[in-house]
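Just below is one structure, and these are the notes that go with it.
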Amino acid sequence: MNRLVLHRSAVRAARLARFVRQVGPAAIAALATVIAAITTGVPEVRAEPAAADAATGAPGASGASGASGDVAFQAYLEAVLRASNDLAAQREALVSARAGVGIAGLRPDPSLALGAGPNELSSAVNPKPRVAKTIGLTYTVEMGGKRERRVDLARSQVKASETALNAAQRQASADAAAAFIEACRAREALTRQEGSLRALSEIVRMNELRHRAGDLGGLELLQSRNGRDQFLATVVKARADAVAAMEGLAVPLGHRWNEEFGERLPRCVFSDARLPGDAEALVSQALDARDDVQAARAALDTARAAAGLTRANRAVDPAIGVSYGYTAQGRPVFGPDGSPAAPSPRSNALTLSLTVPIPLSRLDRGDLVQAESAVTQAMLGLRQTELKAQADVRVTFAQYEAALENLARYRDATLVDADRVLEGMRTSYRHGSASLLELLSAQRAADDTWLAYLQARSDLAAATVRLQQSVGRPPAP
C-alpha cells in the first residue's frame, strides 16, 4: 500500500516538473495566484454578501450600499413627492376644488332693466304722446337653503380631492419603494454574479495553462469553458436587469435618476426589525388612517351633500322687482272749437312686483330618487372598502410574517450551511479528493443561495412597505 502511494506521488511530481518546464516561472506564479483565490475565497465574490449584510444591519458589515454619498430611500421619496407629474396634476385638481367653494357661495346677480316707450308711430295720432322712461331692478331670492347646500357640496368635494391627493401620494410612494427595492436587488445580484464570472474566467485560464502542460485533458477544459460561457449569459441578463431597474427609478420621479442625483447610487439599507402590533391592532389603525377608507367616507359625505342640494333645489325661487317710470308733461292740445286744452301732467310712477314660478316640474321626484340612490351606493361602497381594508391588512401581515421568517432562515441557517459546504469543498479540492468542476459547482450553489437571500431581503422590504401603507403609515423599507 505504501509503495502504491509513493508511486502515485512520484508520478504527480514528474507531471508537476514537466508542467513547470513548459509554462515557465511567470505562468506558475499566475497559476499559484488563481489556486490561492479558489481555495481561500475570491474577494470579489465575497464582497457583495458583505454589502448585503451591511444593507440588512449585520454586525461588522460594510460596503458600498452604506456609503455616505449614496442616496437614501427617504431622499428619493422626497424627490418623487416633489417632482412627480401625477402628483402635480392632482394638486392642481385640489386648487380647483378649493376655488369651487367660493363659487358655490355666490348669490344670484340682480337684473337691471331700462325701458322707453311707447313711441307712437301712427300719423293719425296728433299730437304724439310723450315717451315714458322706466328703470327697474329684479332680484331672485333663493329659498330652501340652496346657497348653504352648494357650499356644503363644494367643501365635501374639497375633502374628496384631498383624499384623492393622499391616495395619489400613497401610490407614488408605493411605486417609488418598489422601484428603489428592485434597483438595489438588481445591482447587488449583478455584483455577486460578476464576481463569480471573474472566478470562472480565472479557472478557465488556469485550465488552459494546465492543458498546454499536458496535466489536464481537453474534455475538462471544454467543460470549464462551457460552464463559464453559460454563466456569462446569466451575467449579461443581470446587467440588462440592473440598467432597467435604474431606468425604472425615473417613472415615479418624473425624470431620469441622473438629472436629480447625478452619479450617486441608491443606498440599499433596509430594516428587518419587526413592526409593532398584531394583525387585529393594525386592522383598527387601518380603518382610521387608510386613504381608501377616507376616500370612501368622503364620497359618502359628497353624496349626502348632493342629496341635500337636490332637496333644496326643489324649492321655488320668487323674484322681487322694483321699477320707476317717468313721463314728461304732454304737448299742448286744442279742443274741437280750437280753444286750448290742458296737457296731460307729467308722471312719476313706482312699481313693485313679485314673481313666483309654478312648480309643476316638482311633481316628478326622480331627482330625489337618484340622490338617495347615490347615498345608498356610497354607504355600500364604504362598507365594502372597510371589509377590503381589513382583509388587505390581514393578508399583508401574513405575507410580512412569511417574508420575515424566510429572511431569518436564510441568515441564520441557509447561508451558513452554503458557506460550510463551499469551505468543505475547497478543503477537499486542496487535498485532491474533489475535482475542479465539483468546486465550481459548489461555488455556483453558494452564489445561488446568496441570490435567493437577496431576493428574500427584497421581499421583506416590499412586504414591509405594503404593511405600512395598508395601515396608513408612510413607507420606510
Does any non-hydrogen side-chain atom of Val251 lie less than 4.5 Å from one of Asp175? no

Closest contact, heavy atoms only, Ala179 versus Tyr76: CB-OH, 4.3 Å

Would you find more than 12 non-hydrogen atoms of other residues, nucleotides or ligands less than 6.0 Å from Arg362 atom CZ? yes

Hey, is the main chain of Ala315 close enough, under 3.5 Å, to the side chain of Lys146 for a donor-acceptor pair? yes

If I compare all heavy atoms of Pro252 with all of Ser84, which pair ends up nearest, and what's the gap? O-CB, 3.7 Å

Got a donor-acceptor contact below 3.5 angstrom from the Ser470 side chain to the Leu467 backbone? yes

Is there side-chain contact between Val243 and Arg239, with heavy atoms separated by less than 4.5 Å? no

For Ala242 and Leu190, work out which heavy atoms get closest and say how close. CB-CD2, 3.8 Å

Give a yes or no on whether a salt bridge exists between Asp292 and Arg170, defined as a side-chain N under 4.0 angstrom from a carboxylate O. no

Report the C-alpha distance between Asp241 and Lys237 in whole Å, list the side-chain angles of each, state the deciding distance to 0.1 Å, and finish with yes or no for salt bridge (charged side-chain N to carboxylate O under 4.0 Å, His left out). CA-CA 6 Å; Asp241 292 342; Lys237 183 180 182 301; 3.0 Å; yes

Lys/Arg N to Asp/Glu carboxylate O, Glu142 vs Arg150, below 4.0 Å: yes

Hey, are Asp152 and Arg149 close enough for a salt bridge, meaning a charged N less than 4.0 Å from a carboxylate O? yes

Could you pull out all residues at least two apart from Gln390 that satisfy side chain to side chain contact (heavy atoms under 4.5 Å, CB included)? Val283, Leu287, Leu387, Arg394

Sub-4.5 Å side-chain heavy-atom contact between Phe73 and Arg267: no

Sequence neighbours excluded, the answer for side-chain hydrogen bond (donor to acceptor under 3.5 Å, both in side chains) partners of Arg409 is Glu405, Asn406

Show your working on side chain to side chain contact (heavy atoms under 4.5 Å, CB included) between Ser173 and Gln469 and close with a plain yes or no. CA-CA 9 Å; Ser173 300; Gln469 292 198 317; 3.4 Å; yes

Using 4.0 Å as the upper bound for N to carboxylate O, is an ion pair formed by Glu259 and Arg256? no

Looking only at atom types and distance, does a side-chain atom of Asp392 sit under 3.5 Å from a main-chain N or O of Lys388, one as donor and one as acceptor? no

Could you check whether Glu386 pairs with Arg290 (Lys NZ or Arg NE/NH1/NH2 to Asp/Glu carboxylate O, under 4.0 Å)? no

With a 4.5 Å cut-off on side-chain heavy atoms, are Val71 and Leu265 touching? no

Answer yes when Glu202 and Arg228 have at least one side-chain N-carboxylate O distance shorter than 4.0 Å, and no when they do not. no

Rounding to 0.5 Å, atoms OG1 (Thr464) and OH (Tyr400) come to a distance of 5.0 Å

Would you mind reporting whether Arg82 and Glu260 have side-chain heavy atoms less than 4.5 Å apart? yes

4.5 Å side-chain heavy-atom contact, Pro108 and Asp317: no

Between Glu162 and Arg91, is the closest basic N to carboxylate O distance under 4.0 Å? no

Ser96 and Glu92 side chains, donor-acceptor separation under 3.5 Å: no

State whether the side chain of Ser284 and the backbone N or O of Glu280 hold a donor-acceptor pair below 3.5 Å, judged by distance alone. no

Do the ring planes of Phe261 and Trp257 sit parallel (below 30°), tilted (30 to 60°) or perpendicular (above 60°)? tilted

Between Gln90 and Asp86, a side-chain donor and acceptor under 3.5 Å: no

Quick one: are Leu454 and Arg457 in side-chain contact, heavy atoms under 4.5 Å? yes

Answer yes or no: is there a donor N or O on one side and an acceptor on the other, between the side chain of Ser201 and the main chain of Leu197, under 3.5 Å? yes

Under 4.0 Å between a side-chain nitrogen and a carboxylate oxygen: does that hold for Arg297 and Asp301? no

Using the rule side-chain contact (heavy atoms from CB on, under 4.5 Å), only one of Val375, Leu380, Thr376 pairs with Leu300; which is it? Val375

Is there side-chain contact between Arg304 and Ser156, with at least one heavy-atom pair below 4.5 Å? no

